[in-house]
Amino acid sequence: MKMNEFIRVCLLGTVIAVGFGTAGHAESLRVISGSTSAPLNVPMNRAVVVESDQPFAELSIANPGIADIVTLSDRTIYVLGKVPGRTTMTILGGDGKLISNVEVQVTPDIAEFKERLSQILPGENIEVRTANDGIVLSGTVSSTAKLDRALDLANRYAPERVSNLMTVGGTQQVMLKVRFAEMQRSVAKNLSSSLAMRGTVGESGIIGGTGNFTADGAVSNAFDNGTIPISGDKGAIGIGFTAGNMEFAVLLEALESKGVVRTLAEPNLTALSGQTAKFLAGGEYPIPVLGSDSTVTVEYKPFGVEMAFTPRVVDGDLINLEIGAAVSAIDTTVTMSSGGFTVNAFKKRQTSTTVEMRDGESFAIAGLLQDDFNDLNNQIPWLGDVPVLGALFRSAEYERKQSELVIIVTPHLVTPTRGEALALPTDRVRLPSESELFLFGKTAGTGKAPTRGAAAEVAKQDFSGSYGYVME
């Protein structure tokens with residue numbers, strides 16, 4: 001047996017074994033003399049056996065780097081796909097005439113990929129095709145997470161050669177409900193006493209005072225004009241008496257102040273999955289800025305309720321949220337003057353975070369409990385330490401401030417609805433007529449309230465009666 005025949009027999013045995021293991025890959029090529037046959041699709045790293053209806057004498061491939069060919073007989077051709085691409089296989093007869101030009105297209109092997117895709121993502125409507133040397137995915141998936149999984153798997157078979165034409169079905173619009181709640185409570189207590197005296201002992205005159213009577217002319221004003229030397233005259237009691245040639249005045253000051261502040265904001269914002277939405281309810285504060293050429297320009301700093309968030313629907317009703325929220329206000333207690341301008345400072349509470357939750361679930365993404373306490377005791381040395389009478393020579397101040405801030409977020413998957421199903425704050429208010437305004441002093445009309453839809457729910461709201469927080 002010649003060496004060429006031995007090699008052909010070995011290759012034929014290999015092809016037969018591969019053919020049994022990969023059924024359906026053998027094709028029969030029907031050629032007509034001088035014509036161009038239909039394209040031959042060969043999976044990468046797979047073999048295809050092609051049979052011709054007429055014997056050929058010579059066989060060639062345009063680009064051996066794409067596909068390799070071996071003749072098994074004068075009618076059988078063994079084609080092996082090497083790398084994705086297209087090339088041409090030329091078949092010549094015994095007389096040297098062209099039998100056929102066969103277009104060989106080597107594509108990525110997507111049979112295994114389709115099997116793995118159906119195992120990992122069952123029930124998803126994903127279509128897989130090949131294009132040139134890559135994979136094209138199309139169809140509709142139920143969530144972004146499953147879309148990412150399909151792309152990751154495709155990149156394992158065709159790295160950086162995956163075209164994504166898939167779309168995500170279901171609800172992909174998210175409404176974020178944010179609640180800012182802040183409570184501030186302050187208590188301040190003040191207790192002080194002052195003593196003044198004036199008179200003569202023997203031939204010497206005596207005049208003096210403590211506390212508020214230590215200011216210049218305060219003692220004279222207390223005895224001559226009866227003026228209590230304290231600003232505001234709040235919580236002050238003055239007592240005067242005479243003993244012999246001496247006059248005495250006692251001033252007692254006691255003041256207690258309490259305050260409670262409640263801040264509440266509930267902004268709602270809707271955005272498409274993957275898009276950023278911003279919200280501002282407040283204003284802009286002008287701030288003068290001095291330039292390098294001594295010119296003054298005005299910049300505006302926003303304040304109020306600010307919010308920016310980017311939702312991403314991950315899987316079903318699972319939502320990933322990137323949130324930035326802030327509540328700011330002008331602080332009139334802190335001012336700065338420069339270049340003839342006076343500007344105020346800002347009080348700001350803000351947070352920036354990323355959380356993940358399901359539709360309708362809530363997270364407290366920020367919380368602050370602050371408790372400030374300070375006290376102060378002023379006294380005249382030694383005299384303030386005297387029991388009982390020492391209270392006339394000292395003053396005490398006590399102040400405590402408490403604040404608590406909570407920010408709660410709740411996402412909802414939403415879809416558009418008809419306009420008549422939505423209510424506005426003005427739905428329950430009607431402009432008054434001239435007679436209602438001038439004769440009866442009504443600032444709103446008494447029209448008939450709506451009875452259907454969301455506007456009817458707004459009209460049922462009643463703001464009379466108890467409301468707010470109970471502080472104990």
Side-chain angles (χ1 to χ4, degrees), residues 143-148 152 168 170-186 261-289 297-336 343-372 401-415 469:
S143 67
T144 306
K146 294 181 178 179
L147 184 144
D148 294 337
D152 290 341
V168 180
T171 303
Q172 296 294 309
Q173 295 182 121
V174 181
M175 183 189 74
L176 185 65
K177 180 179 181 181
V178 182
R179 287 179 289 171
F180 298 86
E182 183 177 11
M183 289 295 300
Q184 298 179 4
R185 180 170 59 179
S186 61
V261 177
R262 171 198 177 194
T263 303
L264 182 65
E266 294 189 16
N268 296 337
L269 197 58
T270 302
L272 190 65
S273 177
Q275 302 297 317
T276 301
K278 297 182 179 180
F279 176 91
L280 171 63
E284 292 186 338
Y285 185 74
I287 299 177
V289 178
T297 59
V298 177
E299 293 184 359
Y300 290 89
K301 181 177 179 62
F303 67 92
V305 179
E306 303 174 67
M307 184 174 66
F309 87 110
T310 304
R312 292 181 178 86
V313 181
V314 180
D315 188 8
D317 60 348
L318 186 62
I319 306 169
N320 179 281
L321 295 174
E322 294 182 13
I323 308 169
V327 178
S328 57
I330 299 174
D331 188 0
T332 57
T333 61
V334 180
T335 59
M336 183 188 71
V343 295
N344 298 109
F346 284 83
K347 295 186 295 184
K348 191 170 186 178
R349 285 81 70 202
Q350 67 177 8
T351 180
S352 178
T353 184
T354 301
V355 294
E356 196 168 80
M357 65 190 80
R358 297 193 178 276
D359 178 21
E361 295 180 341
S362 297
F363 260 143
I365 63 171
L368 172 64
L369 180 61
Q370 186 173 353
D371 192 347
D372 298 329
K401 294 182 179 180
Q402 294 177 321
S403 64
E404 183 176 4
L405 171 67
V406 176
I407 302 178
I408 300 175
V409 296
T410 306
H412 294 281
L413 293 174
V414 295
T415 55
Y469 287 96

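All heavy atoms count here, side chains included; hydrogens, waters and symmetry mates do not. All values reported here derive from a predicted model rather than from experimental measurement.
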- Query: Can you tell if the side chain of V178 reaches within under 4.5 Å of the side chain of I407, non-hydrogen atoms only?
  - Reply: yes

- Message: Using side-chain heavy atoms (C-beta onward) and a distance below 4.5 Å, is K347 in contact with I330?
- Response: no

- Task: Over all heavy atoms of both residues, which pair between P267 and F279 is shortest? Give the atoms and the distance, please.
- Result: CB-CE2, 3.5 Å

- Item | From CA spacing to verdict: side-chain contact (heavy atoms from CB on, under 4.5 Å), I323, V355 | CA-CA 8 Å; I323 308 169; V355 294; 4.1 Å; yes

- Sub-4.5 Å side-chain heavy-atom contact between V174 and L413: yes

- Query: Is a donor on one side and an acceptor on the other found under 3.5 Å between the side chain of Q275 and the backbone of L272?
  - Reply: no

- For V409 and L176, run side-chain contact (heavy atoms from CB on, under 4.5 Å): C-alpha distance rounded to whole Å, both residues' side-chain angles, the deciding distance at 0.1 Å, then the answer. CA-CA 7 Å; V409 296; L176 185 65; 4.1 Å; yes

- Item | Note: R349-E182 ion pair, threshold 4.0 Å (strictly below) | yes

- Task: Answer yes if the side chains of E404 and Q402 hold a donor-acceptor pair under 3.5 Å, and no otherwise.
- Result: no

- Which pair of non-hydrogen atoms, one from A271 and one from A277, has the smallest distance, and what is that distance? CB-CB, 3.6 Å

- Query: If you round to the nearest 0.5 Å, how far is CG of N268 from CD of E266?
  - Reply: 7.5 Å

- Message: If I take atom NE2 from residue H412 and atom NZ from residue K177, how far apart are they, to the nearest 0.5 angstrom?
- Response: 6.5 Å

- Query: To the nearest 0.5 Å, how far apart are CZ in R312 and CD1 in I319?
  - Reply: 13.0 Å

- Task: Check the pair T354, N320 against side-chain contact (heavy atoms from CB on, under 4.5 Å), reporting the backbone distance first and the verdict last.
- Result: CA-CA 7 Å; T354 301; N320 179 281; 3.9 Å; yes

- Contact summary for E284 and Y300, nearest pair of heavy atoms: OE1-CB, 3.6 Å

- Message: Quick check: do S403 and M183 have side-chain heavy atoms less than 4.5 Å from each other?
- Response: no

- Evaluate the criterion side-chain contact (heavy atoms from CB on, under 4.5 Å) for residue pair T310 and L321; output intermediate values, then yes/no. CA-CA 6 Å; T310 304; L321 295 174; over 6 Å; no

- Heavy-atom closest pair, residues R358 and D317: NH1-OD1, 2.8 Å

- Task: Taking all heavy atoms of T410 and all of G360, pick out the closest pair and write down the distance.
- Result: CG2-O, 3.7 Å

- Item | Student check: side-chain heavy atoms of F309 and P411 closer than 4.5 Å | no

- Query: Are F346 and Y285 an aromatic pair by the rule of ring centers under 6.0 Å?
  - Reply: yes

- Message: Do V298 and I287 make a side-chain contact, defined as non-hydrogen atoms from C-beta onward lying under 4.5 Å apart?
- Response: no

- Item | Under 3.5 Å donor-acceptor, S273 side chain and V313 backbone | yes

- Message: Quiz question: by atom type and distance under 3.5 Å, do the side chains of D372 and Q370 form a donor-acceptor pair?
- Response: yes

- Query: Quick check: does any side chain N or O of T351 sit under 3.5 Å from a backbone N or O of A366, one acting as donor and the other as acceptor?
  - Reply: no

- Query: So, do E306 and K348 sit near enough that their side-chain heavy atoms are less than 4.5 Å apart?
  - Reply: yes

- Answer whether the closest heavy-atom distance between the side chains of N344 and V334 falls below 4.5 Å. no

- Task: Starting at CD of E322, measure out to CD of E356 and round the result to the nearest 0.5 Å.
- Result: 11.0 Å

